[in-house]
Amino acid sequence: MGFKYILLLVVGVLLVLSVAPRLNRVSNPSWELETMGTWGNVTISGPVSKTELRSVKNVIGMELEMVNRVMSTWQSDTELSRFNALESTEPFAVSAQLIAVVNHALQVAEWTDGAFDPTVKPLVDHWGFGPETDPAPVAEIMESVGWRKVSVLDKMLVKSVPELQLDLSAIAKGYGVDRVADVLRLAGFENFLVEIGGEVVAEGANPKGKRWQVGVENPRAGEGLFQALELSGRALATSGDYRNFRIREDGTRYSHIINPSTGMPAESDVASVSVLAPSCMDADALATALFVMGAGKGLPLVEARDGVDALFILHSTNKTFVTRATSGFPDRGIINP
Ligand code: AMP
Ligand code: MG
């Protein structure tokens, strides 16, 4: 064998060795999720091996399926639906996952003085936004509504009124985003974005090596972004009256967010409220609560809380909007003030 031949062989082997791993990798993989009655997306910055990508996608899929199986009220066989169907004040054993989310929901309820209330399910049904119908008068339904009427006892949930039912729709999406982000972190990824139905967690850098930019939607549907902001290390969630609403006979509309103190759909000048918080579960629940509270009560509450910021987009005259935000809400990158 000649020297030249050996050299060629060595160069060839080196070439194959250096190219092969790259052939097995995907740059900046991004894929869609369909979960909790909505759509989502995951993007990872940088190259990821195909094997690793396959397994991380699988784990994320399973994780979200579990969240759905535990806390959806849209299927009758979930853990939450079984608790709801139980017309009894007997303690009901549930998974650690459900205990964690209910505990968290009750904390947010306390902190927002009941503006967030996970016991609104019968009201949500009554107003036509839930999986069932409830023709009973609001005053009667209100007797089984109130976050103090449910408690967590070790690994069990207890109703103090047999008719009480929980709805975790205002916190579950955020919880799902947190779970997906946890899967990615555990797998060693540091640069990624997770979004489910508009609730987002972004970490590290985007595929261009810059900070992730996310958008706050224009509350006028179909008009694109209202404001762009850089997101890193915090979660963003938005609640608005523009996504899920019904129209009354007189043409006025009412939203899917209920004011738990009146039992009526929340009515205020809030078009949308976006919340930045350390976890997406917090951001999600707080956005719903702040929609009920309005800017007047909501801003001081959030201003006093470390790591939490909010942007209210308020309906103004002549179909325009005005904004009010806490001092820490990034005001850069306004696209359409
Ligand atoms: P979100 O879109 O995150 O604001 O969540 C709204 C959903 O949460 C509604 O469709 C209801 O199922 C439920 N919900 C409505 N009002 C409240 C409330 N005041 N507190 C907690 N959950 C609520
Ligand atoms: Mg919410």
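All ligand and atom numbering here is 1-based and tracks the order in the structure.
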D282 and H104: CA distance, side-chain angles, deciding distance, side chain to side chain contact (heavy atoms under 4.5 Å, CB included) verdict: CA-CA 8 Å; D282 274 333; H104 210 88; 2.6 Å; yes

Which of parallel (below 30°), tilted (30 to 60°) and perpendicular (above 60°) describes F226 and F321?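 It falls in the perpendicular class, over 60°.
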
Aromatic rings Y254 and F129: how do their planes relate, parallel, tilted or perpendicular, breaks at 30° and 60°? perpendicular

List ligand 1 atoms under 4.0 Å from [X], heavy atoms only on the residue side.
X	value
S239	1 (P), 3 (O), 4 (O)
V120	14 (N), 17 (C), 22 (N), 23 (C)
F116	20 (N), 21 (C)
D284	3 (O)

Note the single closest protein heavy atom to [atom], along with its residue, its atom name and the distance in Å.
atom	answer
atom 12 (O) of ligand 1	D167 OD2, 2.5 Å
atom 15 (C) of ligand 1	H256 O, 3.4 Å
atom 1 (P) of ligand 1	T288 OG1, 3.3 Å
atom 16 (N) of ligand 1	I258 N, 2.9 Å
atom 20 (N) of ligand 1	D117 N, 3.0 Å
atom 8 (O) of ligand 1	A170 CB, 3.3 Å

If you round to the nearest 0.5 Å, how far is OG of S30 from CG of N41?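 The CG atom of N41 sits 4.0 Å away from the OG atom of S30.
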
Is the shortest side-chain heavy-atom distance between [X] and [Y] below 4.5 Å?
X	Y	result
S232	W212	no
L168	V102	yes
S160	V150	no
V180	Y175	no

For ligand 1, the portion of A287 having any non-hydrogen atom under 4.0 Å away: neither

Any N or O on A115 sitting closer than 3.5 Å to an N or O of ligand 1?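 Yes, at least one N or O pair falls under 3.5 Å.
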
Examine K173 against ligand 1 and note whether any of their N/O atoms are separated by less than 3.5 Å. no

If we only consider heavy atoms of [X], is any one of them less than 4.0 Å away from an atom in ligand 1?
X	result
G240	no
F129	no
P260	yes

Salt bridge check: are [X] and [Y] linked by an N-O gap of less than 4.0 Å?
X	Y	result
R185	D182	yes
K297	D113	no
E87	K159	no
E230	K210	no

Decide, counting backbone as well as side-chain atoms, whether A170 has an N, O or S atom less than 2.8 Å from the Mg ion (ligand 2).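 Here the distance criterion (N, O or S atom, under 2.8 Å) is met by A170, so yes.
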
Tell me whether T288 has at least one N, O or S atom under 2.8 Å from the Mg ion (ligand 2).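 So T288 counts as coordinating the Mg ion (ligand 2), yes.
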
Which of these, A283, A285, S169, has its nearest heavy atom closest to atom 7 (C) of ligand 1? S169

Among the N, O or S atoms of D284, the one nearest the Mg ion (ligand 2):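 The atom in question is OD1.
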
